[in-house]
S.K.: 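Below is the structure I would like to discuss, written out as structure tokens.
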Number of protein chains: 4
Amino acid sequence: MQEEKLSRREREKLRHRRQMLITALELFSEKGYHNVSMHEIAKRAEFAIGTLYKFFKNKEDLYKALMMEKAEEHHRVLMGVLSEENDVLTVIEDYIAAKARLFADNLATLRLYFAETRGASFNIKAGLDQDIRKLYDKFILRLASVLETGVRRKVFRKMDPYYMAVGLEGLTNAFLFCWLEDPEQHPYGANVLVIRDMFLKGVLAK
Amino acid sequence: MQEEKLSRREREKLRHRRQMLITALELFSEKGYHNVSMHEIAKRAEFAIGTLYKFFKNKEDLYKALMMEKAEEHHRVLMGVLSEENDVLTVIEDYIAAKARLFADNLATLRLYFAETRGASFNIKAGLDQDIRKLYDKFILRLASVLETGVRRKVFRKMDPYYMAVGLEGLTNAFLFCWLEDPEQHPYGANVLVIRDMFLKGVLAK
Amino acid sequence: MQEEKLSRREREKLRHRRQMLITALELFSEKGYHNVSMHEIAKRAEFAIGTLYKFFKNKEDLYKALMMEKAEEHHRVLMGVLSEENDVLTVIEDYIAAKARLFADNLATLRLYFAETRGASFNIKAGLDQDIRKLYDKFILRLASVLETGVRRKVFRKMDPYYMAVGLEGLTNAFLFCWLEDPEQHPYGANVLVIRDMFLKGVLAK
Amino acid sequence: MQEEKLSRREREKLRHRRQMLITALELFSEKGYHNVSMHEIAKRAEFAIGTLYKFFKNKEDLYKALMMEKAEEHHRVLMGVLSEENDVLTVIEDYIAAKARLFADNLATLRLYFAETRGASFNIKAGLDQDIRKLYDKFILRLASVLETGVRRKVFRKMDPYYMAVGLEGLTNAFLFCWLEDPEQHPYGANVLVIRDMFLKGVLAK
DNA sequence: CATGAATGAGGGTTCATTCAT
DNA sequence: AATGAATGAACCCTCATTCAT
């Protein structure tokens, strides 16, 4: 898309940047942010250390770039699903499926993100987490608005749609982590069904 | 219990140990495991660095001790609640309340745990996480067995009680984090009610 | 000898001191002076660290005491042999045998001494080495005086007896180390014979 | 030989390495391996500590490199002398002279080696000492083979040439240390003559 | 006298970052 | 633009020594 208008030089640069980010992700998720050195990244990516610093002004910057790129991708995908014109229940189901796919494809990134950013771990939080939070808040509001439609159409009970969204997130996260940690014992299909069921019908007998 | 029979010397030692753990927790949750130095901990706790190392053979050991102690406390509290002889719904409600209290009292530890241990962050995971996982697995099974009772008594629908437990965990976590991050906007009472409602009745209109 | 006039208290003290020295020697020769800590010595000797410091004012002092004790013992034994009233050749033979026995019995100490003291290793040299040197010089002079008798009696060629002593020392050391490093390949008997032969007759054919 | 084809960069690197080794030797022989810190070496050599670690992966490695380099040099020189085509007695004399020169030029290294490596001092022994031993064993065998020639040509008595070599080593070491410790009292010339004399003719009157 | 908890200087080592080439 | 040698602050940890009990 954007690349087509770039000179060869610039296309190369972008390729290099991408290579560095991919390598960094690999290493970070193998060993954790603090246990990977810039030299290690440079070496594995087959660049000189100086070149790495031409692209990212320091280690934190590299980490942020990595996370933001992934966050934006996730955001794009999920917002896409939530924007499709379908009946609410189908949208929710599609959303769960899409989220599951993202989880499976980006296990490394997710683990890294939870490991490094969610705590008061370090000041990256200040910058990075906020940006990602902003995206996530936007997304939750979008999800809430979808659910609100459902409420308006009487598909759902009269509830605060924001809280419904929070609840849905909690359920999907719990089951998807469950699945990812032990896919054999907790197969994808079963999990998805239970998420839908619990979300829609709760657990009461009646 | 045990403390009463200790000599003054040993009671002092225990106090010192406790002080070090408290200080370490403070610092770790302010800045993250990797951004806190042993010197820093020693200084803030007002001990010499050597003294710190007399109590914990290295930094990782200190961290593990910290986490295990907290995990065991949580475990004890929650298992206690789940063991009370009450009708299932009351137990669940008590459990949510107890968990909320633990969250509120131990926000720092929780953040630290999620930030440092859950990812592939470092090899502490190998030892520590397993021990904590074992506790957590035990707990989930206990919760499932409570829920199973509910199923047997026809309070709940016929579902896999393990998945019910997973779902309940997901919901409570989501709402409690929500509450802790912005207690004014998402007050405790509202959250607890929504957890109970969503868990029990789901979101469907009927 | 001296001990009989000491009170029980003082005899105990001496026994403790001896125990500490023995333990220290064990550890030093297992691992080298710098790789053994005072705590380690105290623990293995079953004393508190403070008690160790009551007996030796610091680590260097302990080391010096150890070495001086051994040096004096060696000195006593070898000087004894050199003082016996026998013909020169017998004295020399006895001396070689006695030295061999000392080597064998004190391999650990010797290794330690060569390892730690002979180089400009550390300032122990200043104090300790000088004292030991003094003993050794005395001994060499005694050996020279025995050899001088041999010269006077025309048993030996007309040579500087001091240099004869140096030469004898060189030969015995070389062969005894040889023996100690690989007793099977270079058995004691063979070595002693060769020392005597080379010292007395040299290597020329005629 | 190899150096001439190196780039300026690489020649500089080699010079730096050499400078570090020289400085390390200076310090080690002034104070002993364990009493010299890497910081001290770096400072005296006028490099940053990190640079030192670029060249030697740790302190032990630096020490080993130092010793091996010297050992190889000695080996080369002495083997060279022993390989010259001369009558046996001349070769022996040349050998003594060459060894004396090496002793004089490398007093620091020798002292260090005897002080740090020969004892059970530390585990460098494991790796380093073995390598040096191998060189030394090769050398002793070479010396023995020279002496064997002497035996075959009836220059020497019928003796085990290996033991002759050991004896020669013992004598040279004793007298050369003697000379180095007090060159005024025990001048070079006198020592060399006595070595030769004692080795060849022994001390008996006849 | 004996004890052992406490001390803190100092050691080995790593690694993010810079800058001359 | 790319390189990689050089930097040095900062880290984790050890251990000789002291001193209150």
S.K.: Can you measure K13(A) atom NZ to dA2(F) atom C1' for me and round it to whole angstrom units?
M.R.: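 Nearest whole value for this atom pair: 12 Å.
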S.K.: Between P on dC11(F) and CD1 on I41(B), what's the gap in Å once rounded to a whole number?
M.R.: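 Distance check: I41(B) CD1 to dC11(F) P gives 11 Å.
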S.K.: Would you say T23(C) and F47(C) make side-chain contact, with heavy atoms under 4.5 Å?
M.R.: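 The answer is no; the side chains never approach within 4.5 Å.
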S.K.: Should H16(D) be listed as having a side-chain N or O under 4.0 Å from OP1 or OP2 of dA6(F)?
M.R.: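 Answer is yes, contact under 4.0 Å.
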S.K.: When the distance from OH of Y33(B) to C1' of dC12(F) is rounded to whole Å, what number comes out?
M.R.: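 Checked: the OH to C1' distance equals 10 Å.
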S.K.: Report the nucleotide, chosen from dA9(E), dT17(F), dG12(E), that has the shortest atom-to-atom distance to any side-chain atom of I49(B).
M.R.: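 Output: dA9(E).
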S.K.: When you look at K70(D) and L110(D), which way does the side chain to side chain contact (heavy atoms under 4.5 Å, CB included) test go after all the steps?
M.R.: CA-CA 9 Å; K70(D) 285 288 177 186; L110(D) 285 167; over 6 Å; no
S.K.: Please classify the nucleic acid contact of F56(A) as base, sugar-phosphate, or nothing, using heavy-atom distances under 4.0 Å.
M.R.: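 Here F56(A) touches no strand at all.
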S.K.: With a 4.0 Å cutoff (strictly under), does any side-chain N or O of K54(A) reach OP1 or OP2 of dA1(F)?
M.R.: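 The answer is no; no side-chain N or O of K54(A) sits under 4.0 Å from OP1 or OP2.
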S.K.: Hey, does the Lys NZ or Arg CZ of K59(A) hover above the aromatic six-ring of Y53(A), less than 6.0 Å from the centre and inside 45° of the axis?
M.R.: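 No, K59(A) and Y53(A) do not form such a contact.
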S.K.: Measure the CE-CZ distance between M20(A) and F56(A) for me, rounded to the nearest 0.5 Å.
M.R.: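 Here the interatomic distance stands at 7.0 Å.
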S.K.: Check every atom of dC13(F), dT17(E), dG11(E) against the side chain of S37(D) and return the nucleotide holding the closest atom.
M.R.: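 The answer is dG11(E), which lies nearest to the side chain.
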S.K.: Taking the side chain of T51(C) as its heavy atoms from C-beta onward, which of dA2(F), dA16(E), dT3(E) lies nearest to it?
M.R.: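 Per side-chain heavy atoms of T51(C), the pick is dT3(E).
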S.K.: Mind calculating the distance between CG (N35(B)) and C1' (dC15(E)) to the nearest angstrom?
M.R.: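 So the two atoms are 14 Å apart, to the nearest Å.
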S.K.: Under 4.0 Å, counting only non-hydrogen atoms across every strand here, what does K43(B) touch: a base, just sugar-phosphate, or nothing?
M.R.: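 K43(B): no heavy atom of the nucleic acid under 4.0 Å.
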S.K.: Is E12(A) salt-bridged to R15(A), going by a charged N under 4.0 Å from an acidic O?
M.R.: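 Salt bridge: yes.
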S.K.: Between A48(C) and H39(A), name the one whose nearest nucleotide on DNA chain E is closer to the 5' end.
M.R.: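 Per heavy-atom nearest nucleotide, the more 5' residue is A48(C).
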S.K.: In whole Å, I'd like the distance from the CG atom of N58(D) to the P atom of dT13(E).
M.R.: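 Rounded to the whole Å, the gap is 5 Å.
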S.K.: Can you check the H34(A) NE2 to dA16(E) C1' distance for me, whole Å?
M.R.: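 One finds 13 Å between C1' of dA16(E) and NE2 of H34(A), rounded.
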S.K.: Y53(C) side chain: which of dT18(F), dT3(E), dT13(E) is closest?
M.R.: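 Selected nucleotide (nearest to the side chain): dT18(F).
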S.K.: For the side chain of F55(D), starting at C-beta, report the closest nucleotide among dA6(F), dG12(E), dA1(F).
M.R.: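 Looking only at heavy atoms from C-beta outward on F55(D), the closest nucleotide is dA6(F).
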